[in-house]
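Following: one structure in structure tokens, then a few remarks.
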Amino acid sequence: MKDFVYFAPTEVVFGRKSEEKVAALVKKYGGHKVLVHYGGGSAKRSGLLDKVLGLLKEGGIETVLLGGVVPNPRLSLVREGIEICRKEGVDFILSVGGGSVIDSAKAIAYGVVYEGDVWDLYIGKGECYKCLPMGCILTIPAAGSEMSSGTVITNEDGNLKRDYGNEYCRQKFAIMNPERTFTLPPYQTAAGVTDMMMHTMERYFSQDDDMTLTDEIAEALLRTMKDEVFKVLKDPSDYRARAQIMWGGALAHNDVTGCGTSSDWATHQLEHELSGMFDVTHGAGLAAIWPSWARYVYKDNVSRFVRFAVNVMGVPNDFTDPEGTALRGIAAMEQFFHAIGMPISLEEIVGRPVTDEEIDRMAYLCSNGGTATQGRFKVLKQEDMAAIYRMAR
Ligand code: NZQ
Ligand code: ZN
């Protein structure tokens, strides 16, 4: 097992009516004047936003509002948020929404204290070792931003989607009420489950084979998500199943499934170029790419793919044909993605064939103009990235 540091300092408040604790939590973590950040309308429509504003007011906490965060959150709104926070003297940011809202809040939280241009952080031109404190009320289990150390922002100038992060942007608290996810459309539910499974798989597909406990945790998480998703697609108000998924999304990306491994992240990096260029839903983009990534790399550690096939996908182990077992596991995952309504090709997600020029552009950007590699399970160069996009076409 590799040496590791595990740091997951977020206070999780989970369950029915958990949002009612919001004012006490904001005060506990030092908030007096709060930027309430939210998305395109779901939090308003459900009444959650008004309820939260009422609770903060009752608690004597001042609020400033900034809505309009879109999926694949944009840099321009981050800049607006930074200005508002500075002008209004905001000392805490509360996100009401999903990964996009929380990521936008994290970028604002860095930007308020960072002296340079916040985008510099995302393109490796700067580092920031502090930010405003934040908390969130999660409405979609997916990105795991509620417990992660990352933020992903899209710069509309060039459609570049880039990530940044360190321990400072971890949420002080994350309120998770599974009832608040009953209104999620099936596509977002399925894309969310895909994303959290991929967060686990990016860590699971590692060349380090000496991490039994971490593997077992990862496999249990994957099997649970794989089963529970069908329950919520059938009955969106199934509290029990929604709760498993909500907690699974947080655990999938708070690093517990990565202790002692060297994680891969190539599928994520390939997907970021896809959602940068075509503005697709992140989880769906991962489903469109992963089967091709897997078929491209599995020979670098067949036994790990056999283990996945058998322990996660329930494929019978043909000891005379490990490669066949590995490939049947990949095919089973692909069928699972399709069964929950996810795309499994670029054409399916983009809605038209993706051109050679577009593929070459994505591979160019993903490899930083041919200067960077991606992934650790198999180290991918620019030409490997282009080959995987072509296989996924
Ligand atoms: O904007 P509203 O109206 O709220 O609608 C949202 C949005 O359209 C809707 N939604 C959210 N909660 C809802 C709801 N609709 C009905 N009922 C509810 N309760 O769902 C849509 C998607 O929301 P979004 O926040 O974009 O989803 P997600 O949590 O999947 O976040 C995606 C973003 O997170 C990034 C992705 O790249 C993407 O930009 N990621 C962030 C990570 C991190 N910070 O650690 C890691 C991930 O790998 C990922 O890259
Ligand atoms: Zn993800």
Side-chain angles (χ1 to χ4, degrees), residues 10 19 37-49 67-75 77-78 95-107 109-110 122 134 136-155 160-166 169-171 174 176-203 232 236-237 242 245-246 249-250 252-255 258 263-276 279-287 289-290:
T10 303
E19 63 273 6
H37 205 29
Y38 58 97
S42 73
K44 259 191 189 164
R45 282 193 301 278
S46 70
L48 177 61
L49 186 67
V69 179
V70 293
N72 301 320
R74 308 298 201 264
L75 181 62
L77 194 74
V78 168
S95 300
V96 184
S100 295
V101 177
I102 302 170
D103 282 6
S104 181
K106 287 176 176 178
Y110 279 125
Y122 291 80
M134 285 165 277
C136 64
I137 301 178
L138 187 67
T139 63
I140 170 173
S145 191
E146 64 276 16
M147 289 190 84
S148 83
S149 62
T151 145
V152 193
I153 296 295
T154 297
N155 186 342
L160 274 189
K161 184 173 178 180
R162 291 289 175 265
D163 52 85
Y164 177 69
N166 54 32
C169 76
R170 301 254 190 197
Q171 302 297 287
M176 301 185 207
N177 177 354
E179 285 177 334
R180 292 293 171 187
T181 69
F182 289 179
T183 50
L184 277 171
Y187 190 78
Q188 289 299 338
T189 297
V193 168
T194 302
D195 193 18
M196 61 186 78
M197 290 180 78
M198 282 305 312
H199 293 157
T200 311
M201 286 153 64
E202 297 276 19
R203 294 168 165 102
V232 296
S237 307
R242 286 284 190 197
I245 290 175
M246 196 162 211
H253 206 27
N254 80 352
D255 294 334
S263 36
D264 187 73
W265 298 108
T267 307
H268 262 74
Q269 295 303 331
L270 292 164
E271 196 290 322
H272 283 174
E273 300 310 334
L274 190 67
S275 40
D279 200 17
V280 297
T281 300
H282 170 64
L286 295 170
I289 289 170
W290 185 80

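Order of appearance sets the numbers: ligands from 1, and atoms from 1 within every ligand.
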- Does Gly41 reach ligand 1, in the sense of a heavy atom lying below 4.0 Å from it? yes
- Message: So, taking the atom named CH2 in Trp290 and the one named OG1 in Thr194, what distance separates them when rounded to the nearest 0.5 Å?
- Response: 11.5 Å
- Could you walk me through whether Asn155 and Arg162 pass side-chain contact (heavy atoms from CB on, under 4.5 Å), step by step? CA-CA 8 Å; Asn155 186 342; Arg162 291 289 175 265; over 6 Å; no
- Item | Minimum side-chain heavy-atom gap Asp163-Gln269 below 4.5 Å | yes
- Message: Any heavy-atom pair between the side chains of Ile102 and Glu146 that's under 4.5 Å?
- Response: yes
- Message: Quick one, Tyr187 and Thr281 - any side-chain contact, counting heavy atoms below 4.5 Å?
- Response: yes
- Short N or O distance, Lys161 and ligand 1, threshold 3.5 Å exclusive: yes
- Task: Have a look at His268 and say which of its N, O or S atoms is nearest the Zn ion (ligand 2).
- Result: NE2
- Near His268, which atoms of ligand 1 are under 4.0 Å from a heavy atom of that residue? 48 (O)
- Message: Can a side-chain donor-acceptor contact be found between Asn72 and Thr154 if the only test is distance below 3.5 angstrom?
- Response: no
- Please tell me if the side chains of Ser149 and Asn166 come closer than 4.5 Å, counting only heavy atoms from C-beta onward. no
- Query: Do any of the N/O/S atoms of His282, backbone or side chain, fall under 2.8 Å from the Zn ion (ligand 2)?
  - Reply: yes
- Task: Indicate yes or no: at least one non-hydrogen side-chain atom of Asn254 is less than 4.5 angstrom from one of Thr10.
- Result: no
- Note on the structure: Nearest non-hydrogen protein atom to atom 12 (N) of ligand 1, with distance, is Thr139 OG1, 2.8 Å
- Item | Under-4.0 Å heavy-atom contact with ligand 1, by part of Ala143 that carries it | both
- Message: For a 4.5 angstrom cut-off between non-hydrogen side-chain atoms, does Ser95 reach Met134?
- Response: no
- Item | Gly99, any N or O under 3.5 Å of ligand 1 N or O | yes
- Tell me which protein heavy atom sits closest to atom 15 (N) of ligand 1, plus the residue, atom name and distance to 0.1 Å. Ser42 CB, 3.6 Å
- Message: Is Glu271 close enough to touch ligand 1? Criterion: a residue heavy atom under 4.0 Å from a ligand atom.
- Response: no
- Proximal ligand 1 atoms for Asn72, defined as those under 4.0 Å from one of its heavy atoms: 38 (C), 39 (O)
- Any side-chain heavy atom of Asp195 sitting closer than 4.5 Å to one from Glu271? no
- Is there an N/O/S atom in Asp195 at a distance below 2.8 Å from the Zn ion (ligand 2)? yes
- Sub-4.0 Å protein heavy atom near atom 21 (C) of ligand 1: yes
- Got a second to check how far Met201's CE is from Thr267's OG1, nearest 0.5 Å? 7.5 Å
- Classify the contact between Ser148 and ligand 1 as side chain, backbone, both or neither, using a heavy-atom distance cut-off of under 4.0 Å. side chain
- Message: Below 4.0 Å from ligand 1: does a non-hydrogen atom of Lys44 turn up there or not?
- Response: no
- Query: Relative to ligand 1, is Arg180 under 4.0 angstrom through side chain, backbone, both or neither, heavy atoms considered?
  - Reply: backbone
- Item | Polar atom proximity, Pro71 to ligand 1 (N or O, under 3.5 Å) | no
- Query: Between Arg242 and Arg180, is any pair of side-chain heavy atoms under 4.5 Å apart?
  - Reply: no
- Report the nearest protein non-hydrogen atom to atom 30 (O) of ligand 1: residue, atom name, distance rounded to 0.1 Å. Ala142 CB, 3.4 Å
- Task: Determine, using heavy atoms of Pro73 and all atoms of ligand 1, whether some pair is separated by less than 4.0 Å.
- Result: yes
- Note on the structure: Answer key: the N, O or S atom of His199 nearest to the Zn ion (ligand 2) is NE2
- Task: Determine the interplanar angle of the His253 and His199 rings, folded into 0 to 90°, and report it as parallel if under 30°, tilted if 30 to 60°, perpendicular if over 60°.
- Result: parallel
- Task: Before signing off on this row, confirm whether Lys106 and ligand 1 have an N or O atom pair separated by under 3.5 Å.
- Result: no
- Note on the structure: Closest to atom 47 (C) of ligand 1 (heavy atoms only, candidates Met196, His199, Glu146, Glu202) is His199
- Message: Is it the case that ligand 1 has an N or O less than 3.5 angstrom from some N or O of Gly39?
- Response: no
- What protein heavy atom is closest to atom 2 (P) of ligand 1, reported as residue, atom name and distance in Å? Gly40 N, 3.4 Å
- Item | atom 44 (N) of ligand 1: the protein heavy-atom neighbour that sits closest, reported with distance to 0.1 Å | Asp103 OD1, 2.7 Å
- Quick one: nearest non-hydrogen protein atom to atom 17 (N) of ligand 1, plus distance? Thr183 OG1, 2.7 Å
- Query: Which residue owns the protein heavy atom closest to atom 25 (O) of ligand 1, what's the atom, and how far is it?
  - Reply: Ser100 N, 3.0 Å
- Is the closest N or O pair between Thr181 and ligand 1 shorter than 3.5 Å? no
- Does the pair Lys161/Asp103 count as a salt bridge with the N-to-O cut at 4.0 Å? no
- Item | Stepwise side-chain contact (heavy atoms from CB on, under 4.5 Å) test for Met196 and Met246 | CA-CA 10 Å; Met196 61 186 78; Met246 196 162 211; over 6 Å; no
- Message: Any protein heavy-atom neighbour for atom 6 (C) of ligand 1 (distance below 4.0 angstrom)?
- Response: no
- Query: When you look at Cys136 and Lys106, which way does the side-chain contact (heavy atoms from CB on, under 4.5 Å) test go after all the steps?
  - Reply: CA-CA 11 Å; Cys136 64; Lys106 287 176 176 178; over 6 Å; no
